[in-house]
Amino acid sequence: MEKAYVPQEVEDRLYQKWLNNQCFSGKIDPSKPSYSIVIPPPNVTGVLTMGHVLNTTIQDILARRSRQEGKSVLWLPGTDHAGIATQTKVEQSLAKSGKSRQELGRGNFLEHAAAWRDKHGGIILKQLQKLGCSCDWERNVHTLDEDYSKAVVDAFVKLYNRGYVYRGQRMVNWCPASLTALSDEEVIMKPQKGFLYKIRYNILETPGAYVEVSTTRPETIVGDVALAIHPEDPRWVTLKGKHVLRPINPKAIPIVADEAVQRDFGTGVLKITPAHDKLDFEIAKRHDLPILEILNPDGTLNKQAGPNYEGMERFAARKIIAKNLDDEGMLIESEPYENKVGFSERADVPIEPRLSEQWFLQYPRVEEAKKAVKDGHIRFFPKRWEKTYLHWLDNIQDWCISRQLWWGHRIPVWYRKGSIRSDSKNWHISTTPPKDIHNWEQDEDVLDTWASSWLWPLATLGWPDEDAMEKKGLDYFYPTSALVTGPDIIFFWVARMIMAGLEFRGMEKRKDMSLSESDIAKRIPFNDVYFTGIIRDADGRKMSKSLGNSPDPLELIAKYGADGLRHGIMSIAPKGQDIRFSEERIEQGRNFCNKLWNVCRFRQMSGGPKDNSIIDLILLRVQGDQITKDDQAILLRLAETLDEVERLYEAYEFNSVLHTIYHFFWTDFCDWYIEISKPRMNDSQAKETCLAVQDLCIRQILLLLHPYTPFITEELWATLGYSNGKSIQGVSPGKGDAFIKSLSNLGLNLDSNTLGNVSRIRELITHLRALKAERHLSNNKKVEFLFIGNESDEKMVQENESSILAMVGGAALKKTDTAPSGLPASITPLGTFFLDLSSGVDLESERKRLTKDAKSLEGIIRGIETKLSNPSFVDKAPEQVVAGAKKQLADNQAKLKETKEALQALQ
RNA sequence: GGACGGCUAGCUCAGUUGGUUAGAGCAACUGGUUUACACCCAGUAGGUCACAGGUUCGAGUCCUGUGUCGUCCA
């Protein structure tokens, strides 16, 4: 074996082997329980980020752990076509060569975009393989695949036929950069600094009188059709029914009273621009006001804004109109003001509320979606996200699902040529085009990307095609076992998948009929949802390309190995908490792998490879009379670790799982067991048993670690003779009691008392080491100790003398009856020990140290005494707590007595 | 404005249903070429658990309020 672990020599070779042996293929096997995960599909042209590393490592851990447990596992990978994002990128690349998509035309553009996708796409999948992800690559799905596209179209038609889809002229979020409508979820509210303008509107019926109106958007004045006041606002009672003159493009407009007006904003008088504000639109509808559209789709002012402003960009117009108002004395004041403005998620420009005809979806199964989570059919980890989810569903609005884009699933609606599109009589809505196609034209728009990805758990498993569903195992793998994703897409994706599952899985259920409890249980797309945290940089900032603070995972893999990266990221990812990235942790991950490698290397150096392929073969090498306390203790600790890990997995506490394994491996096994067993290597009888115990421990450690660090564990599994040609992947670490039982079946019964005894010896060793280290004596300098202790302590010390001396670097442990004078002392669980120094004891500093100890002990004792003398504590506290306190008092008093005696000896 | 989360050692975080002297890793400091590992070993030091009240025999843990940072929703 190499002196250090070299991941590069192992990773690609093993991954290829796994692929060749089809280790990751999700087989439909009714003899086994199934376990399934669908990957949150990354953008097809995306590259791996640290977020993906965290997210997919967790999924891989779940998949690999489940494979070990003997389940038939499917981890289904794929990519998303990412409508706006991809189209924008393609358009940008076209723009470089001076072309626009309009010039190319729809067909050519789509060909171009598909070629672009094929060239840049799929990189991320290769990167996931580098990370070791055990996806079933044969099943890779892309949302624009033919079958998947059929599912998307089919779902739309079903929803239309079931009465959930409608077309309507509505106020939508319009992106002036991408020239498309967006859903509410794609709008991000951001605080913006601007001005609040106070503008004068003259009252026509009362010459000389005017009202003040506050607005942040003076450019919309040209679209004003009225002013509005609250009907119960005493300040404005007299205004009802009067008119004002619009200060730009002058025109008489009425004053209306409406309860939606916010009285405490500005002066309490609102200008009404129905075409460019949602609230204004509603007020206008209630009062029969005209709708005056003044903006072009790209955000410039149109003809209706008047000749002075036509063609002007919206923010330029704002400045000019404000200035013109000021020049005419109509601007009373303007003050700096911060308000929240909606921005387009993708294009990052302010959106415009705009009246437009679009396709809308009334969400299906909203109530059942709430119930599914409330009643625990779907469990959220951490649970607190349930509240966010339910709150969104409580306030849900219809979903605008049409996008004025080309890259995506074209809406399966045809309109009779030359007819009015808003009339449903002229529609053909079907998965197949009309027969007399020449009389029809298809809707130009595509569907929102999320209106395809919300079908992900269904459509990747063959839905809605019966044959495909059977072949891909929908009945076997659905509902999927767990979903691992970030909380940022809880509305975009998680909630919608739940609704889609409830609506589409199983027989059609009429809109007005709700689903039964058992229907819900069968239809949900997943049982558990694990929300990861967001990875931040060391300063707590979100990782982003523009900040350049996102490390390249592939570089990290090259530097530290895939296992190192996985180990590092998992060690810092607490459940649902944001994560601060630091490369040091990845370095620790690599160091961990190296430690593992080396302890195995050490094992190899102690004796040639054995056939370890069956656990019983290892156990047969254990000789009953050679079993030591240390053997028993490490095996007991191992059993505890197995149980603890099991419990933590159930709670999705991934970083605690790792910490538990880490502690057992590094501290219990390497630092104590291996060290204490070194002297036993000199005795051939003892050696055989000791190595067998080592082999047992290493076996379990490799199994426990395999989900986290798959490569190195697979490699070592083979190197140390556990594999017999088979992969580690199918072997389960098992539960603690089963482990103990399998030992017991072969005659190895563990005594749980050894744990306490061994830990006292460990503590003693630590004390003795400290006595030396504080005096700068090197580890290997052999020194003698004197000690005072009772009979049982003495027995324990003598029984373990050789290993204590070996661990401490001691020459002898000598029993004495009286405290030797002038020597440094330490109070241990096995008596008072003195370091036998020939010369050079600094009495003063020794006295100081022991005095400090005595003082702290006195403080503790006082505290316990106070507690015990409090009658209400003795009365009310549980018996065992009182008994515990009494024991504690006695222990500390004994320790204090010993400390004082040692102090006395220094006088 | 509402909801949720964080505030514990210099840093990053553990801390189960309230019950010994609040833990770990990293960093720091001291020492070390031990039968694997310096990507290592041994040891030392470092904390009024954000603040203020309350409940309790007992609070880092439960309750109320405040501050502060962050996220989401309006």
Side-chain angles (χ1 to χ4, degrees), chain A residues 1 3-5 184-185 188-189 340 382 384-388 390-392 394-395 487-488 490-491 533-534 536 538 540-542 560-561 564 571-574 576-582 584-585 587-606 647-648 651 653 655-656 659 662-663 666-667 670-671 674-675 677-682 765-781 806-809 856-857 859-861 863-864 866-878 880-882 884-889 891-892:
Chain A
M1 287 173 80
K3 191 175 172 190
Y5 174 55
D184 295 342
E185 286 68 35
I188 298 181
M189 302 305 283
K340 293 245 185 161
R384 67 187 145 85
W385 291 111
E386 286 181 6
K387 212 168 169 175
T388 309
L390 292 170
H391 181 256
W392 183 73
D394 282 338
N395 297 285
D488 48 335
I490 193 165
F491 312 136
I534 291 165
R536 300 175 176 283
R541 297 173 305 176
K542 231 173 152 166
Y560 304 108
S571 75
I572 45 176
Q577 253 2 302
D578 284 1
I579 295 141
R580 294 221 177 186
F581 177 79
S582 83
E584 277 171 20
R585 300 302 287 258
E587 198 180 322
Q588 283 170 43
R590 178 207 49 188
N591 296 353
F592 180 87
C593 293
N594 190 55
K595 182 82 175 175
L596 180 65
W597 180 263
N598 267 288
V599 82
C600 292
R601 178 166 161 256
F602 179 60
R603 169 64 190 85
Q604 286 295 72
M605 291 162 80
S606 308
R647 184 185 73 77
L648 291 168
E653 306 251 12
N655 73 322
S656 302
H659 286 148
Y662 182 103
H663 186 262
W666 205 301
T667 307
C670 293
D671 291 346
I674 290 285
E675 288 307 319
S677 61
K678 278 177 181 171
R680 290 166 76 192
M681 294 295 118
N682 301 326
I765 289 168
T766 301
H767 275 96
L768 301 188
R769 281 170 170 172
L771 272 179
K772 283 177 67 182
E774 279 164 11
R775 275 143 213 96
H776 304 308
L777 297 167
S778 82
N779 286 357
N780 58 353
K781 166 134 175 106
M807 293 291 275
V808 172
S856 116
L857 284 169
I860 294 163
I861 288 166
I864 306 169
T866 312
K867 199 195 267 186
L868 282 170
S869 63
N870 181 346
S872 47
F873 171 73
V874 182
D875 289 350
K876 290 181 184 172
Q880 77 240 39
V881 172
V882 179
K886 281 182 181 159
K887 178 169 187 307
Q888 206 187 105
L889 179 65
D891 289 351
N892 282 296

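Residue numbering restarts at 1 for every chain, and letters A, B, ... go by the order of the sequence lines. Keep in mind it's a predicted model, so treat the numbers as computed, not measured.
- Distances were taken from every side-chain heavy atom of A/K340 (C-beta onward) to each of B/A74, B/C72, B/C57; the shortest belongs to B/A74.
- Remark: A/T766 is in phosphate contact with B/G43, judged by side-chain N or O atoms under 4.0 Å from OP1 or OP2.
- For A/N591, counting side-chain heavy atoms from C-beta on, the closest listed nucleotide (B/U12, B/A36, B/C40) is B/C40.
- Only the P atoms considered, B/U48 is 30 Å distant from B/C41, to the nearest whole Å.
- Residue A/F873 contributes atom CZ, which lies 12 Å from atom P of B/A59 at whole-angstrom precision.
- For the C1' atoms, the distance linking B/A24 with B/U8 amounts to 13 Å, nearest Å.
- The side chain of A/R769 approaches B/G43 more closely than any other nucleotide in the set B/G43, B/C39, B/A36.
- The side chain of A/A773 approaches B/G43 more closely than any other nucleotide in the set B/C57, B/U16, B/G43.
- Minimum atom distance to the side chain of A/R384 is reached by B/C4, of the listed B/G19, B/C4, B/C39.
- Figure legend: A/K595 and A/Y662 shown without cation-pi pairing, the cationic atom not lying both under 6.0 angstrom from the six-membered ring centre and within 45 degrees of its axis.
- Set against B/C37, B/U21, B/C4, the side chain of A/N892 has B/U21 as its closest nucleotide.
- Considering only side-chain N and O atoms, A/K595 lies under 4.0 angstrom from the phosphate OP1 or OP2 of B/C41.
- Contact annotation for A/E774: backbone-only contact, meaning every heavy-atom pair under 4.0 Å involves sugar-phosphate atoms and none involves a base.
- Rounded to whole Å, the C1' atom of B/G25 lies 34 Å from the corresponding atom of B/C63.
- For B/C41, one of the phosphate oxygens OP1 or OP2 lies less than 4.0 angstrom from a side-chain nitrogen or oxygen of A/W666.
- In this structure, the nucleotide among B/U44, B/C39, B/C57 sitting nearest to the side chain of A/A770 is B/U44.
- For the pair A/R647 and A/E653, the minimum side-chain heavy-atom distance is 4.5 Å or more.
- Side-chain proximity of A/P679 to the nucleotides B/C57, B/U35, B/G43 is greatest for B/U35.
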### Task
State the dot-bracket string of RNA chain B. Criteria: Watson-Crick or G-U wobble, both atom distances under 3.5 angstrom; notation: ( ) intrastrand, [ ] crossing earlier pairs, | interstrand, . unpaired.
(((((((..((((.....[...)))).(((((.......))))).....(((((..]....)))))))))))).
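- Dashed line: the shortest gap from a side-chain N or O of A/N395 to OP1 or OP2 of B/C73 is not under 4.0 Å.
- Using atom P as the reference point in both B/C69 and B/A28, the two lie 31 Å apart (nearest Å).
- No side-chain heavy atom of A/N655 sits under 4.5 Å from any side-chain heavy atom of A/I572.
- Separation of the P atoms belonging to B/G43 and B/C4 is 46 Å when rounded to the nearest angstrom.
- For B/U61 and B/G54, the C1' atoms lie 15 Å apart once the distance is rounded to whole Å.
- Across the C1' atoms, B/C26 and B/G65 are found 37 Å apart, a figure rounded to whole Å.
- When the P atom is used for both B/A27 and B/U21, the distance is 31 Å, rounded to whole Å.
- Under the side chain to side chain contact (heavy atoms under 4.5 Å, CB included) criterion, A/M605 pairs with A/R601, sequence neighbours left out.
- Atom CG of A/D394 and atom C1' of B/A74 are 14 Å apart (whole Å).
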